[in-house]
2 protein chains.
Amino acid sequence: MVKHSSAALDRVFHALADPTRRAMLQRIAGGDCSVSDLAQPFNMSLAAVSKHITVLESAGLLRRKKEGRTSWCSLEPKGLRAAEAWLRYYEKFWNTRLDALESILKKSKMTKGGRRHGKSPTGK
Amino acid sequence: MVKHSSAALDRVFHALADPTRRAMLQRIAGGDCSVSDLAQPFNMSLAAVSKHITVLESAGLLRRKKEGRTSWCSLEPKGLRAAEAWLRYYEKFWNTRLDALESILKKSKMTKGGRRHGKSPTGK
DNA sequence: TTTATATATAACCATATGGTTAAACATTCG
DNA sequence: CGAATGTTTAACCATATGGTTATATATAAA
């Protein structure tokens with residue numbers, strides 16, 4: 001059994017659910033940067049940026065390290081790994097269900113069309 | 001360039017950020033079920049459950065199909081694929097950055113320790 | 001045709017979220 | 001020291017979220 005810590009996943013997915021935060025991760029993926037570097041592309045106060053960073057940090061997606069008076073942000077893999085693990089785990093079921101669905105659809109189409117081996121009447 | 005539709009990802013990650021909704025997906029992964037089936041494990045009104053289902057549905061994670069007076073819920077792969085694509089895309093950067101970070105850390109440890117080839121003083 | 005069943009919607013409420021501005025820190029520069 | 005810089009925290013605000021109960025809708029059963 002794979003253990004998926006609920007609260008941790010809550011934080012990760014919630015952190016990823018915001019376009020600003022995803023853009024920040026994208027930026028930081030290009031290299032570590034300071035808080036003001038991160039803020040630069042956004043039309044928003046530094047205070048707001050700092051809060052977004054806190055969200056990413058507590059989700060385990062970002063690490064903040066103070067150096068002098070500037071904070072350097074870098075990627076932290078823990079959160080992403082958690083999210084990926086969850087998705088991969090469920091993808092298995094998804095695919096199983098998809099296969100089942102597919103065969104059900106195929107059967108229902110044949111039944112609806114009234115013929116077992118014919119091609120699609122509409123071509124659609 | 002991979003296109004990641006922002007609003008769609010917002011919806012998917014937001015849908016996944018709630019433990020009740022993730023549990024619902026888990027349940028449905030075991031097989032299609034009605035709304036009351038889905039509601040059964042939760043200590044919450046059917047109205048609340050219905051709203052959660054709507055969230056999952058608009059995120060492209062679940063499909064609802066009315067049959068008589070009962071609604072049948074099944075997994076919809078679209079949303080999950082979107083989330084996975086995003087994560088996989090960024091994992092690449094994550095790993096690159098991780099490699100970079102690792103070598104930086106290695107170097108900084110050597111520098112801090114004051115010797116170029118020595119072993120860690122603390123062992124930690 | 002009434003009544004029961006299965007869901008959905010409406011109206012409402014407390015709390016969380018994402019933003020603001022102003023003030024507080026801590027560090028570097030003159 | 002005093003002032004500038006980079007960031008964080010505090011107080012506040014509008015809106016979103018996740019829940020409730022009550023009502024509406026549609027189908028099935030009696």
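By convention in this document, chain letters (A, B, ...) are assigned in the order of the sequence lines, proteins followed by strands, and residues within each chain are numbered from 1.
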Which residues pass the side chain to side chain donor-acceptor pair (under 3.5 Å) test with A:Ser58, sequence neighbours left out? none
For B:Ala48, the side chain to side chain contact (heavy atoms under 4.5 Å, CB included) test, sequence neighbours excluded, returns B:Met44, B:Ser45
N/O-N/O pairs, protein side and nucleotides 15-19 of chain C side, under 3.5 Å:
from   : atom 1 : to      : atom 2 : distance (Å)
C:dG18 : OP1    : A:Arg21 : NH2    : 3.2
C:dG18 : OP2    : A:Arg21 : NH1    : 3.2
C:dG19 : OP2    : A:His52 : NE2    : 2.1
C:dG19 : N7     : A:Lys51 : NZ     : 2.9
C:dG19 : O6     : A:Lys51 : NZ     : 2.4

Electrostatic pair B:Arg22-A:Asp10, nearest N-O below 4.0 angstrom: yes
Any heavy-atom pair between the side chains of B:Cys73 and B:Leu38 that's under 4.5 Å? yes
Scan residues 43-58 of chain B for pairs that pass salt bridge (charged side-chain N to carboxylate O under 4.0 Å, His left out), counting only residues two or more places apart or in two chains. B:Glu57-B:Arg64
Check nucleotides 3-5 of chain D for protein N or O atoms closer than 3.5 Å to its own N or O atoms and list the pairs.
from  : atom 1 : to      : atom 2 : distance (Å)
D:dT5 : O4'    : A:Arg69 : NH1    : 3.2
D:dT5 : O2     : A:Arg69 : NH1    : 3.0

Which residues share a side chain to side chain contact (heavy atoms under 4.5 Å, CB included) with B:Pro41, sequence neighbours left out: B:Arg27
By the 4.0 Å heavy-atom rule, please label B:Thr54 as base, sugar-phosphate, or nothing. nothing
Have A:Trp72 and A:Ser74 got a donor and an acceptor in their side chains that come within less than 3.5 Å? no
Taking ring pair (Phe, Tyr, Trp, His ring centres under 6.0 Å) as the cut-off, I'd like each qualifying pair that reaches into residues 9-55 of chain B, sequence neighbours left out, listed once. B:Phe13-B:Trp86
Using nucleotides 22-25 of chain C, report all nitrogen or oxygen pairs with the protein that are shorter than 3.5 Å.
none

